[in-house]
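Inspection log for the structure reproduced underneath, given as structure tokens.
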Amino acid sequence: MLNIKNLHVQLEEEDKQILKGVDLTVEAGKVHAIMGPNGSGKSTLSYVLSGRDGYEVTGGEATLDGEDLLDMEPEERAAAGLFLAFQYPVEIPGVGNMTFLRTAVNAQRKARGEEELSAADFLKIIRERAKALKIDADMLKRPVNVGFSGGEKKRNEILQMAMLEPKMCILDETDSGLDVDAMKLVAEGVNALRNEGRGFLVITHYQRLLDHIKPDVVHIMADGKIVKTGGPELALEVENNGYADILAEVA
Amino acid sequence: MGEAATKPNPTEDRLATLSMPENGWADAARKAALARVREMGLPGRRDEYWKFTRPDTLVQADAPQAALFHNEEGPLFGEMDRLKIVFVDGVFDPKQSDDLTLSGVRIDRLADSADIHWASDLYGALEANGHYVPRPLAALNTAYATDGVLIHVTGKAEKPINFIYLHENETSDAILHHVVKLDPGAELTLLETGPAAARFNKCMEVDVADTANFHHVRAQGRDHERRAATHIFARLGTESVFKTFTLTVNGRLTRNECVVELTGDDAVAHVAGACVGDGDFHHDDTVFVTHDALRCESRQVFKKVLRNGAVGVFQGKILVKEGAQKTDGYQISQSLLLDDDSQFLAKPELEIYADDVACSHGSTSGAIDEEALFYLRSRGVPANVATDLLTLAFLAEAVEEIENETLRDALVERLQGWLERHRG
């Protein structure tokens, strides 16, 4: 589903190479996790895939179901089925959460040549999906993420994911800033979306999120590359021994 | 002859093109106003309150031509039950207007109101009182207004009154003067819509008696080349409410002055505006609110969206007189600059002579929030739609000053339409 080959990326404003040849394939129905120390390029990978400004791809490719992601505008990537759950969801004063979600859902449907959802149908679906994430009517009415707690923001990300029904979900440190209960709630939301047709890439520092969202494959990223790939046991190894051993081993 | 060849006098040049209408009861006020114009002189570039806005085209003898502009939009507030008073290039049109009768209100035309008494105390009086800083274009208006209406609200007006201004002549130069008097406890919603004329000078005096309520919503219409200088002078009695909101789209030059005097305790005045300009657009809000009573509340909320070299100006003052304790004054002016060519000039002023007051003010200029834009796009919202959403969100704080939801929604729809037509 998601194919990344020898991806090289540097910052646009300075001559600094961040990704130095990333190779990664995420298959439909699978959950891949990327772990790695600070500064290894994990978040950069998520931003480059979703089309954020400020990065320059200097080599390699990234495709989603064969379509060249890197050639698309961010909204086209979204319509193609890519979704990034932000590490720091953005507050947007003056734009109601519900308006935002309906605009997004219908813009994607339109881009794919599907019929737009009516207000009534949309309301029915969002109420049901919000309820599962313990998001109340008030949170739906409020401006996007404004005044939301850390946990509320992350739940709101998962709600967006549930409404947009992407093919490929990238979760960028979704566990950061969450207490155990909030993390469980978010993980349940993600697990409810797991199915055969959908791929996940879960970026995290810590193994604890992976207790709740069980990965099929774990990658270790360091200095802009995937340096080791294994099963869930690799995450436990990191948890017990830190990154130093692994990095020493592959060096 | 030697004397005539001396320095040019723009004020006399302009006055020479005008002739003073005669309508009995207003004659004395008109003559007094003319004396004020001569004393102040018409505005020039060096005047303190005209530093950011060139007055030349507002002052010059003949109105610069303004092409008529039509688009697909139907009449604003077209579906509302309202009393329509139509002016074509500044002339009252009885055929397109409704019958001027409304329960709780008496309406007269300025041009044929020879026997009116109540307005003779007001016509030009609030204007004459409003020259904390010189406003010669308002005095010129009082002296030479050729039309307008006098509205006396004695109770709760049955429905809103809508002044509809149509612009049909490319060189029309209109001067209109309206007077609105609300008796104690009276209520009126006044709507003003349309581009009016190639050059429009409008003055409105509003006397809001104790416990009366006046709501004013105005949409200055869409002709790109029109020019306008407008003034509102309001006086507020005890526990009265005065709320005015102006939406401005397009227009080569618009100067809106609003002068409010809170003279009764516990009165409330809200003055708000939103404007969107693209290209050759200059919009100036000049607001002066005077607190001269106890526990009054005033708000000034102005938002401007500017692109392709458009210019926005805000000059806003809160004056708290001695003894006006427990004043609650608020002022905010903000601009959203959609490119580097556009410009926002702001001059907020506070002048306070009482020691137990709360007054705050702020002014900002900014661009579209790139983080928010990316967030929206990453959810599949196209860049231009996302920009429109963020622009409307920016304008929301001003638009929300309009209490009536129907009016608010109608204006938001206009704004959406404008944004769609003016995408970058």
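Just so it is clear: chains get the letters A, B, ... in the order the sequence lines come, proteins before strands, and each one is counted from 1. Treat the numbers as computed from the prediction; the structure is a model and nothing was measured.
Annotation: A:K167, atom NZ; neighbour count of heavy atoms from other residues, nucleotides and ligands within 6.0 Å is above 12. With a 6.0 Å radius and a threshold of 12 heavy atoms from other residues, nucleotides or ligands, A:R127 has its CZ atom at or below the threshold. Within a 6.0 Å radius of CD in B:E413, other residues, nucleotides and ligands contribute 12 heavy atoms or fewer. Few gaps surround CD on A:E114; more than 12 heavy atoms of other groups in view lie less than 6.0 Å from it. Dense packing is recorded around CG of A:D138, with more than 12 heavy atoms of other residues, nucleotides or ligands lying under 6.0 Å away. Within a 6.0 Å sphere centred on CZ of B:F52, other residues, nucleotides and ligands contribute more than 12 heavy atoms. Within a 6.0 Å radius of CG in A:N195, more than 12 heavy atoms belonging to other residues, nucleotides or ligands are found.
Remark: B:L376 CG to A:I92 CD1 distance equals 4.0 Å, nearest 0.5 Å. Interatomic distance, CZ of B:F374 versus OH of A:Y47, reported as 8.0 Å (0.5 Å rounding). Taken from CZ in B:R379 to CD in A:Q108, the straight-line distance is 9.5 Å, to the nearest 0.5 Å. A distance of 12.0 Å separates CZ of A:R52 from CZ of B:R377, quoted to the nearest 0.5 Å.
No other option in A:P74, A:A107, A:A78 has as many heavy-atom pairs under 4.5 Å with chain B as A:P74. Chain A forms the most heavy-atom pairs under 4.5 Å with one residue out of B:A383, B:G380, B:A396, and that residue is B:G380. Ranked by heavy-atom pairs shorter than 4.5 Å toward chain B, the options A:A80, A:P143, A:G51 are led by A:G51. Interface remark: of the candidates A:L101, A:V144, A:D53, A:L84, A:L84 forms the most heavy-atom pairs closer than 4.5 Å to chain B.
Residue A:P166 does not touch chain B at all, counting heavy-atom pairs closer than 4.5 Å. Using a 4.5 Å cut-off between heavy atoms, A:V105 makes no contact with chain B at all. Contacts of A:N145 with chain B are made by side-chain atoms alone, with heavy-atom separations under 4.5 Å and no backbone atom involved. Heavy atoms of B:A386 lying under 4.5 Å from chain A are absent altogether.
Heavy atoms only, all atoms of each residue included: A:V95 and B:L389 are closest at CG2-O, 3.9 Å. When all heavy atoms of B:A393 and A:P93 are compared, the pair lying nearest together is CB-O, 3.4 Å.
Counting only heavy atoms from C-beta outward, the side chains of B:Y375 and A:Q160 approach each other to under 4.5 Å.
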